[in-house]
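To start, the structure under review is shown below, and the notes come after it.
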Amino acid sequence: MLIRQLFYSQSSTYSYLLADQGQAVLIDPVRDQLDDYLTLLRELELQLLMAIDSHTHADHITALGLLRERTGCATGFGEPNLASCASFTFHDGQELRFGQRTLTAWYTPGHTDDSYCFVLAPEGQEPACLFSGDTLLIRGTGRTDFQNGDAHAQWASLQCLLSLPDSTLVYPAHDYKGWTCSSIGEERRHNPRLQVADADEYAQLMANLKLAEPQLMNIAVPANRACGKI
Ligand code: FE
């Protein structure tokens, strides 16, 4: 089993290459990094089975469309994503298989209404891995103020993620300080957004963030609905 975390500095985005027995999955690939992915797949002699996005990104353009064109991989978004260009849509609880491993899609709305996390089931002594999209970040959570974001829905989604064992490794879709990985136990105890009493208090905290709009939003969202092919 191989897990590679790839960083795109312009939007502090992490993409993940997972592979088992020569079969690979890419989570949240960035169009500007296409050549890196193709090189890595070739060097590691991996067949890319699928490329999937955790949600419609507002801060970078997806590589899904170009990866499908170049490698013949399947491309997937989660329901109710509006992209009609993907080769499949996945839903809550859907199992995505590669090699002998299984990635399960968890519908976790809140950051957007099409936000998903992916849980890689553990094997042997390894802990499970959670690819947490923009739902759970390291010591933070994804903003909920656009793209049908909903802080109450996100609170409920976060409670689902906290049902995972403390040992579960957390790999987010972004980190703005260079942190790379955490665990459910660590976030449960130390993530300031998870120390509030209930959904209403969480919604109030999120409403008070007053964040600037992502610079690329008006370009990235329509481009990503076209699988990044503009
Ligand atoms: Fe996002």
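Computation of the quantities below employed the complete heavy-atom set of this structure, encompassing side-chain atoms and omitting hydrogens, waters and symmetry-equivalent molecules. Every number for a ligand or one of its atoms is a count from 1 in the order of the listing.
In this structure, the side chain of N224 does not engage the main chain of T56 through any donor-acceptor pair within 3.5 Å. With hydrogens and angles disregarded, no donor-acceptor distance shorter than 3.5 Å links the side chain of D53 to the backbone of F77. When atom types are taken as modelled, the side chain of Q195 and the backbone of R189 share a donor-acceptor pair closer than 3.5 angstrom. With T144 contributing its side chain and G149 its backbone, the two residues share no donor-acceptor pair below 3.5 Å. A donor-acceptor pair is defined here as one N or O able to donate and one able to accept, closer than 3.5 Å; no such pair exists between the side chain of Q21 and the backbone of G99.
Excluding waters, the set of protein N/O/S atoms under 2.8 Å from the Fe ion (ligand 1) reads H55 NE2, H111 NE2, D134 OD2.
A donor-acceptor pair shorter than 3.5 Å can be found between the side chains of S115 and T112.
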